[in-house]
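Everything quoted here is computed from the prediction, not taken from an experiment. The figures that follow rest on heavy atoms only: side chains count, while hydrogens, waters and symmetry mates do not.
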Amino acid sequence: MQLSNMHPALLALTASLLATAAAQSHDHHDMSWVNGYRQGFNFQCPHREVLVATRSFFSVEDGADRLWSFECQPTPEGLGEPSDCWWDDINRAGMEWTSTCTRNGLVAGVQSKYFESVLDREWQFYCCYYKRRCPYSCMKTSDIPENFREEAELVVPSYGYFIRGAQTTFSGVLRDRQWKYILCRMTDFDCEFENV
């Protein structure tokens with residue numbers, strides 16, 4: 001994907017996140033994290049916005065935990081208003097997890113709780129349903145981070161793609177997760193499928 005093909009708002013967000021990452025790659029203390037180490041959090045995008053970027057920083061010294069930051073962006077006018085939003089399936093700490101928003105929903109938030117006994121978190125996505133739009137051209141990202149315990153960042157690579165869920169693997173030895181985010185386009189027309 002060439003940068004010239006990206007929507008201007010997404011290009012600006014990408015540039016901003018990359019500049020922030022470059023400036024703070026050695027100093028993560030100035031980032032606007034939604035949590036402290038070993039703390040739970042509940043993050044929800046504003047109404048009619050969905051998640052488009054995530055960033056996290058790992059620390060062995062702080063309970064083998066990560067600090068998290070999220071960015072949202074308004075959905076295109078063609079999607080209309082979300083008709084329903086809900087908290088979807090929850091995983092169990094220390095377990096692998098795959099979750100795709102039910103009812104063709106899009107990820108509009110995340111909540112997580114830390115468990116000291118397993119040095120891991122439970123995760124849950126906040127999903128929103130837009131009329132009867134259906135996903136297509138879905139793909140999974142490569143592992144984020146590429147290696148356990150590294151700084152991690154996802155920015156949705158193209159305007160018109162949305163986060164629908166994720167697949168995670170958990171290392172019981174390194175006490176960290178790698179994520180593969182599930183990204184899809186959504187139809188511009190109403191479709192008849194209940195869930196894809």
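- Considering only heavy atoms from C-beta on, Val156 stays 4.5 Å or farther from Gln73 through its side chain.
- Proximity of a side-chain donor or acceptor of Thr168 to a complementary backbone N or O of Glu96 within less than 3.5 Å is not detected.
- When ring centroids are compared, Tyr130 and Phe162 stay outside the 6.0 Å threshold.
- With Arg149 contributing its side chain and Leu174 its backbone, the two residues share a donor-acceptor pair below 3.5 Å.
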Test side chain to side chain contact (heavy atoms under 4.5 Å, CB included) on Val110 and Thr54 and set out the steps. CA-CA 10 Å; Val110 182; Thr54 69; over 6 Å; no
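- Between Ala108 and Glu49, the closest heavy-atom pair is CB-O, 3.7 Å.
- Heavy atoms only, all atoms of each residue included: Tyr181 and Ile163 are closest at CD2-CG2, 4.3 Å.
- Neither Trp87 nor Val107 shares a network with the other; the hydrophobic side chains, linked directly or stepwise wherever heavy atoms of I, L, V, M, F, W or Y lie under 4.5 Å apart, form separate groups for each.
- No donor-acceptor pair closer than 3.5 Å links the side chain of Asn42 to the backbone N or O of Gln111.
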Are Trp68 and Phe43 close enough, and set up right, to give a side chain to side chain contact (heavy atoms under 4.5 Å, CB included), and what steps lead you there? CA-CA 10 Å; Trp68 287 87; Phe43 175 85; over 6 Å; no
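- Minimum heavy-atom separation, Arg48 to Gly80: NE-O, 3.3 Å.
- In this structure a side-chain-to-backbone donor-acceptor pair under 3.5 Å is present from Gln178 to Glu146.
- For the atom pair Lys140 NZ and Asp143 CG, the distance stands at 10.5 Å (nearest 0.5 Å).
- Considering every non-hydrogen atom in both Lys131 and Leu79, the closest pair reads CE-O, 3.9 Å.
- Here the side chains of Tyr129 and Trp86 are in contact, with some heavy-atom distance below 4.5 Å.
- Panel note: side chain Thr187, backbone Cys134; a donor-acceptor pair is recorded below 3.5 Å.
- Between Cys101 and Gly105, the shortest heavy-atom distance links the atoms CB-O, 3.2 Å.
- Just one of Arg177, Arg175, Lys113 meets the salt bridge (Lys or Arg N to Asp or Glu O under 4.0 Å) condition when paired with Asp120; it is Arg177.
- Side chain of Asn91 to main chain of Trp123: a donor-acceptor pair is present (N/O by atom type, distance under 3.5 Å, no hydrogens or angles).
- The SG atoms of Cys127 and Cys85 do not sit under 2.5 Å apart.
- No single ILVMFWY cluster, assembled from side-chain heavy atoms under 4.5 Å apart, contains both Val60 and Val118.
- The shortest side-chain heavy-atom distance between Leu119 and Tyr114 falls under the 4.5 Å cut-off.
- Crowding of Glu77 atom CD: a count of heavy atoms from other residues, nucleotides or ligands under 6.0 Å not exceeding 12.
- Using the six-membered ring where Trp is involved, Trp97 and Trp179 have ring planes that are perpendicular, over 60° apart on the 30 and 60° scheme.
- A salt bridge does not link Glu71 to Arg55: none of the charged nitrogens lies less than 4.0 Å from a carboxylate oxygen.
- Within a 6.0 Å sphere centred on CD of Glu81, other residues, nucleotides and ligands contribute more than 12 heavy atoms.
- Listed for the Asn35 side chain is a donor-acceptor partner under 3.5 Å among the backbone atoms of Arg66.
- Residues Asp88 and Thr102 bring a donor and an acceptor atom of their side chains to less than 3.5 Å of each other.
- Proximity of Arg185 to Ser158: side-chain heavy atoms (C-beta onward) are separated by under 4.5 Å at one or more points.
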Decide side chain to side chain contact (heavy atoms under 4.5 Å, CB included) for Arg133 and Leu106; before the verdict, give the C-alpha distance in whole Å, the side-chain angles of both, and the deciding distance to 0.1 Å. CA-CA 10 Å; Arg133 305 294 185 196; Leu106 303 177; over 6 Å; no
Worked check of side chain to side chain contact (heavy atoms under 4.5 Å, CB included) between Tyr37 and Glu61: CA-CA 10 Å; Tyr37 291 113; Glu61 296 80 21; over 6 Å; no
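- Shown here is Met95, whose CE atom has no more than 12 heavy atoms of other residues, nucleotides or ligands within 6.0 Å.
- Rounding to the nearest 0.5 Å places CG of Leu67 at 10.0 Å from CD of Glu151.
- Across every non-hydrogen atom of Phe115 and Ala93, the tightest pair is CD1-CB, 3.9 Å.
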